[in-house]
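On a predicted model such as this, the values are computed, not experimentally measured, just so you know. Worth knowing before you read on, the calculation uses all heavy atoms, side chains too, and leaves out hydrogens, waters and symmetry mates.
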Amino acid sequence: MLSRLFEWYRVVNAKPSGERLELREKAVREFVKVLDEASEWDLVVDSVAAVVGGFESGFAQNSPLVQAVISAIKMHDSAFPQDLSENSMELRVIVALGLGELIVRDASESPQDIAILVASLIRSSRYPRPGQKKRYLEQVLNELCAEAVEVLARAGQLCRQRSAILERNIEKLKKTPVDPAAGLTALITSVDDTITTLHQQILIDREELNILWWMFAGASVTTGDAISDLALGAAAIVCGVEFANLCDLPPAQSAEAMVRRAFKAGRKKIPKKSLEQIVEDWSEPFNGLLVADDCAKTIAQKYPQIFPLSWLAARLVESQGASCWSAEFERKTGLKASANYDVGDIAVHIMMERIAHRQYNLLDGD
């Protein structure tokens with residue numbers, strides 16, 4: 001996103017000099033190298049949390065992320081102040097530019113794993129939040145999320161792309177030399193490619209069938225009950241989690257529309273509800289669906305800005321459904337528990353959080 005350097009840097013300085021922009025461009029490139037070379041994914045996830053919630057939300061001066069960004073800047077601007085209290089917004093913009101650069105650099109081809117993870121985390125974090133007080137910051141976050149959506153759509157399309165390799169292999173075999181050794185080598189290569197392609201096609205077909213049968217049945221895999229008979233909050237978490245678990249990664253571009261359709265099927269008018277009201281429907285077994293594995297629970301508790309509903313689900317499980325969570329939830333996530341939300345949107349957000357859990361778990365396991 002270095003193409004947006006001037007526009008995004010206005011968050012820090014409305015009229016930056018050309019020299020300042022050149023120094024910050026070099027800093028962003030250095031920071032991207034740090035993210036690429038990181039041995040673990042924590043620095044990447046920390047970066048998303050800092051961009052979404054700000055460095056004021058749980059980042060100390062000596063934290064690895066703060067030190068990494070400051071070091072990247074000071075490599076080209078030795079006069080840059082190290083005190084986080086003086087430069088937190090500038091660090092936030094540099095990190096946002098770095099994440100954006102990771103997302104867009106291979107967007108037109110095949111996005112890398114790190115780009116897909118960053119995009120999944122950013123998409124997971126984008127809820128209706130109170131407007132940003134800092135001028136231009138909302139624009140930065142919206143544009144970054146838009147790029148994340150584009151990358152996920154591209155990656156989802158590529159992993160479901162049908163191949164014509166079978167036809168190509170047959171044509172190659174027809175042109176194979178008569179020499180037995182060369183013919184045998186060509187045949188083995190063709191069979192190997194064909195088996196790999198058939199396996200990929202089977203996975204695509206299986207995903208489609210599983211999702212279509214789930215939507216056609218209109219019933220929860222968890223309880224067996226019709227989704228339309230469930231309370232709104234329970235239906236939202238069922239649709240979001242169960243759909244996300246059926247998806248290959250990353251999901252198809254139509255995923256959000258399918259979750260909304262599954263949630264709304266059989267219902268006429270669906271009123272908006274506050275999170276406090278929605279969560280009233282998250283009794284067992286629904287409250288544990290979103291954090292059913294240790295990975296989901298751990299990253300939800302560590303990154304409430306990215307996984308607000310997962311954090312809430314984990315808290316409810318630990319407290320056995322105890323109330324009085326609203327104030328802590330708002331402080332940690334930046335969302336209003338009492339504000340009214342479209343419950344279908346909440347189902348989609350649950351789905352995106354669960355997808356991000358799985359994406360992180362997949363890469364972390366590597």
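Taking 4.5 Å as the limit, every side-chain heavy atom of Lys15 sits out of range of all side-chain heavy atoms of Arg10. Using a 4.5 Å cut-off on side-chain heavy atoms (C-beta onward), Glu30 and Ile73 make no contact. The side-chain heavy atoms of Leu99 and Leu35, taken from C-beta on, include a pair separated by under 4.5 Å. In this structure, the side chains of Lys332 and Gln305 stay at 4.5 Å or more apart for every pair of heavy atoms. Contact annotation: the side chain of His357 approaches that of Leu290 to within less than 4.5 Å [non-hydrogen atoms, C-beta and beyond]. Side-chain contact between Tyr341 and Ser274 is absent, with no heavy-atom pair separated by less than 4.5 Å. Counting heavy atoms from C-beta outward, Val45 and Ile299 have side chains that stay 4.5 Å or more apart. Residues Leu158 and Pro111 are in side-chain contact: their nearest non-hydrogen atoms beyond the backbone lie under 4.5 Å apart.
Every side chain to side chain contact (heavy atoms under 4.5 Å, CB included) that Ala119 has, sequence neighbours left out, goes to Ala148, Val151, Leu152. Among residues two or more places apart in sequence or in another chain, the ring-ring contact (aromatic ring centres under 6.0 Å, His included) test is passed with Phe55 by Phe59. The side chain to side chain donor-acceptor pair (under 3.5 Å) search around Glu150 returns none, not counting sequence neighbours.
A donor-acceptor pair shorter than 3.5 Å can be found between the side chains of Gln139 and Glu143. Side chains of Glu276 and Ser326: a donor-acceptor N/O pair is present below 3.5 angstrom, by distance only. Checking Tyr9 against Arg4 by side-chain atom types alone, no donor-acceptor pair falls below 3.5 Å.
Ion pair Glu208/Arg160 not flagged as a salt bridge, since none of the NZ, NE, NH1 or NH2 atoms sits closer than 4.0 Å to an Asp/Glu carboxylate oxygen. Ion pairing between a basic and an acidic side chain is recognised when a charged N comes within 4.0 Å of a carboxylate O; Arg123 and Glu256 show such pairing. Between Arg105 and Asp36 there is a salt bridge, with a side-chain nitrogen of the basic residue lying less than 4.0 Å from a carboxylate oxygen of the acidic one. Taking 4.0 Å as the cut-off between side-chain N and carboxylate O, Lys297 and Glu318 do not count as a salt-bridged pair. One finds a salt bridge joining Asp293 and Arg354 here, because a Lys/Arg side-chain nitrogen approaches an Asp/Glu carboxylate oxygen to under 4.0 Å. Looking at Arg260 and Asp345, a side-chain N of the basic residue comes within less than 4.0 Å of a carboxylate O on the acidic one, giving a salt bridge. Under the 4.0 Å criterion applied to side-chain N and carboxylate O atoms, Glu56 and Arg331 are not assigned as salt-bridge partners.
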Decide yes or no on salt bridge (Lys or Arg N to Asp or Glu O under 4.0 Å) for Asp77 and Arg24, but give the supporting numbers first.
-> CA-CA 9 Å; Asp77 185 358; Arg24 294 302 177 260; 3.1 Å; yes
Check against side-chain hydrogen bond (donor to acceptor under 3.5 Å, both in side chains), Asn245 and Arg358 | CA-CA 8 Å; Asn245 288 340; Arg358 291 184 58 211; 4.9 Å; no
Steps toward ring pair (Phe, Tyr, Trp, His ring centres under 6.0 Å) verdict (Trp311, Phe307) = CA-CA 6 Å; Trp311 178 90; Phe307 303 105; over 10 Å; no
Passes salt bridge (Lys or Arg N to Asp or Glu O under 4.0 Å), Glu25 versus Arg29? Steps please.
-> CA-CA 6 Å; Glu25 178 179 343; Arg29 295 188 188 280; 2.9 Å; yes
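In this structure, Leu232 CG and Lys273 NZ are separated by 5.0 Å, a value rounded to the nearest 0.5 Å. For the atom pair CG (Leu117) and CD1 (Ile103), the distance works out to 10.0 Å, reported to the nearest 0.5 Å. Here the CD1-CD distance, from Ile202 to Glu207, works out to 14.5 Å after rounding to the nearest 0.5 Å.
With Ser78 contributing its side chain and Lys74 its backbone, the two residues share no donor-acceptor pair below 3.5 Å. Side chain of Gln253 to backbone of Ala153: no donor-acceptor contact under 3.5 angstrom is found. One N or O on the side chain of Ser120 and one on the backbone of Ile116 form a donor-acceptor pair closer than 3.5 Å. The backbone N or O of Thr222 lies less than 3.5 Å from a partner atom in the side chain of Glu242, making a donor-acceptor pair.
Under a cutoff of 6.0 Å and an axis angle of 45°, Arg261 and Phe263 do not form a cation-pi pair.
The two residues Trp282 and Gly233 have their closest heavy-atom pair at NE1-O, 3.0 Å. Minimum heavy-atom separation, Trp214 to Val238: CZ2-O, 4.4 Å.
The distance between the ring centers of Phe329 and Trp325 falls below 6.0 angstrom.
Looking at Leu246, Val348, Ile211 one by one, the single match for side-chain contact (heavy atoms from CB on, under 4.5 Å) with Met258 turns out to be Ile211. Checking each of Leu43, Leu91, Val34 against Leu65 for a side-chain contact (heavy atoms from CB on, under 4.5 Å) leaves exactly one that passes, namely Leu43.
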